[in-house]
**Q** 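Here you go, one structure.
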Amino acid sequence: MKNINIKPLVSPEWSIFGETFVTTQFGACIELKTIGVAKIQLNFKTSGQRVSFAVKMNEEAWRTLPLVEQQLVLTIPTKLAHIRIMLRSVDSSSMALWQQKIILSTMLIDSGQVAPVLYDEPYVTFVGDSITAGEEMALDGNHPELSYPLLVAEALGKPLNRIAYGGTGLTASAPFQEPTAISALWQVADNIERQRVLTDLVIVNYGTNDFNYDATPESFTFGLRIYLLELIKRFHSAKIILMIPFNGAFKDIYQTEVKRFDNFIIMATDNWIVPNLKVHPLSSEHKQIAEHILRGL
């Protein structure tokens, strides 16, 4: 088996950690093209977790493959292949994943050649909570490979940069405070810097968890004001769109606070999806959301 350089193949949700690559992000991707490769073996150092990946080869449908004994093994039936491997799920919460990390050590192939997939366009960056991460989209759980950030990126022909963690928000009321919304912008895990990539469009969706866990208007106003300053610092040259939460939460606060800046555009989400009692949109609703975003752009 031949060792492959992983660095050109990983999405920005992966960061270098010593001689390994780490991520804590559902939807973190490994994308490559192969010529004459029949087998790929990815070796991990992710102890004590059941982990699954969504895998797509060429134009086939996405399928789910589990990590078995710290390995993900792909059999490639064609001489030429375009392969995407995306972290789909773990058997712990996103807060626990932030601490435990998915650690990729090596990639091996049996023969042939591997090349990165190159994009001429800047990245589109999506920022938010579990909805943006593609969590709980169906009865079988997470589907970041079918979520609206990926659908929008594909339609725009742009590579995707995703910064999204379940349970997070802009106030102390959000159930998960690790990572905070601000630390997630800069880090991919504790004390591990997030990759910086050129992005010209940032789409943010925060506020659902704050509202559902009884954040006061005053606390959300303060949290949003601080966060907008951090977004400017992080993405100062990009167009930044703020989506009103799908449940309509804090709409007036968003509209008031953005008047302090020249950097933000509000995207209303009224009637985008059928009102329901659940927090997480279904796969079909993610498709609707993507279509609305594309029309809004």
**Q** My understanding is that only residues two or more places apart in sequence, or in another chain, count here; which of them pass salt bridge (Lys or Arg N to Asp or Glu O under 4.0 Å) with Glu193?
**A** Arg196
**Q** Residues sharing Val117's hydrophobic cluster, by side-chain heavy-atom contacts under 4.5 Å among ILVMFWY, directly or via others?
**A**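 Tyr119, which link up through side-chain heavy atoms under 4.5 Å apart, make up the rest of the cluster.
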**Q** Linking Ile, Leu, Val, Met, Phe, Trp and Tyr by side-chain heavy atoms under 4.5 Å, what else ends up with Leu108?
**A** Met1
**Q** Among pairs that include at least one residue of residues 158-200, which meet ring-ring contact (aromatic ring centres under 6.0 Å, His included), considering only residues two or more places apart or in two chains?
**A**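 Listed once each, the pairs are Trp98-Tyr165.
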**Q** Mind listing the closest non-hydrogen atom pair of Lys158 and Pro122 along with its distance?
**A**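 Taking Lys158 first and Pro122 second, the nearest heavy atoms are NZ-O, 3.4 Å.
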**Q** With sequence neighbours left out, write down each residue that passes side-chain contact (heavy atoms from CB on, under 4.5 Å) with Ser89, or none if nothing qualifies.
**A** Ser52, Asn142
**Q** Report, as yes or no, whether the 6.0 Å neighbourhood of atom NZ on Lys287 holds more than 12 heavy atoms from other residues, nucleotides or ligands.
**A** no
**Q** Over 60° means perpendicular and under 30° means parallel, so classify the ring planes of Tyr206 and Tyr227, tilted if in between.
**A**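 Because their plane-to-plane angle is over 60°, the rings of Tyr227 and Tyr206 count as perpendicular.
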**Q** Please list, chain by chain and in numerical order, all residues satisfying side chain to side chain donor-acceptor pair (under 3.5 Å) with Tyr213, sequence neighbours excluded.
**A** none
**Q** Might you confirm whether atom CZ of Phe261 has over 12 heavy atoms from other residues, nucleotides or ligands at distances under 6.0 Å?
**A** yes
**Q** For Arg84 and Glu154, what are the C-alpha separation, side-chain angles and deciding distance, and is it a salt bridge (Lys or Arg N to Asp or Glu O under 4.0 Å)?
**A** CA-CA 13 Å; Arg84 285 187 283 177; Glu154 289 180 336; 2.8 Å; yes
**Q** Asp91: which residues meet the salt bridge (Lys or Arg N to Asp or Glu O under 4.0 Å) condition with it, sequence neighbours left out?
**A**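 Asp91: salt bridge (Lys or Arg N to Asp or Glu O under 4.0 Å) contacts with Arg50.
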**Q** Is there a continuous path of hydrophobic side-chain contacts, each under 4.5 Å between heavy atoms, that joins Ile293 to Val258?
**A**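 In one cluster with Ile293: Val258, no.
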**Q** Checking Pro66 now: which residues fulfil side-chain contact (heavy atoms from CB on, under 4.5 Å) with it, not counting sequence neighbours?
**A** Val68
**Q** Please say whether more than 12 non-hydrogen atoms of neighbouring residues, nucleotides or ligands are located less than 6.0 Å from CG in Asp262.
**A** no
**Q** Would you say the side chains of Gln25 and Thr23 form a donor-acceptor pair under 3.5 Å?
**A** no
**Q** Please indicate whether Asp120 has more than 12 foreign heavy atoms, meaning atoms of other residues, nucleotides or ligands, lying under 6.0 Å from its CG.
**A**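 Counting other residues, nucleotides and ligands, CG of Asp120 stays at 12 neighbours or fewer.
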**Q** Which ILVMFWY residues are connected to Leu80, directly or by a chain of links, through side-chain heavy atoms under 4.5 Å apart?
**A** Ile35
**Q** Only counting residues at least two apart or in another chain, list the ones meeting ring-ring contact (aromatic ring centres under 6.0 Å, His included) with Phe235.
**A**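 Partners of Phe235 under the ring-ring contact (aromatic ring centres under 6.0 Å, His included) test: none.
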**Q** Closest approach of Ile203 and Met243, non-hydrogen atoms and distance?
**A**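 Nearest heavy atoms, Ile203 then Met243: CG2-SD, 3.4 Å.
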**Q** Any pair with a residue in residues 120-157 that passes ring-ring contact (aromatic ring centres under 6.0 Å, His included), sequence neighbours left out, goes on the list, sorted by first then second residue, please.
**A** Phe126-Tyr148, Tyr148-His286
**Q** Under the 3.5 angstrom rule, does the side chain of Ser15 hit a backbone N or O of Val22 as a donor-acceptor pair?
**A**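 Answer holds: no.
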**Q** Which residue pairs satisfy the ring-ring contact (aromatic ring centres under 6.0 Å, His included) criterion with at least one member in residues 1-48, sequence neighbours excluded?
**A** Phe44-Phe53
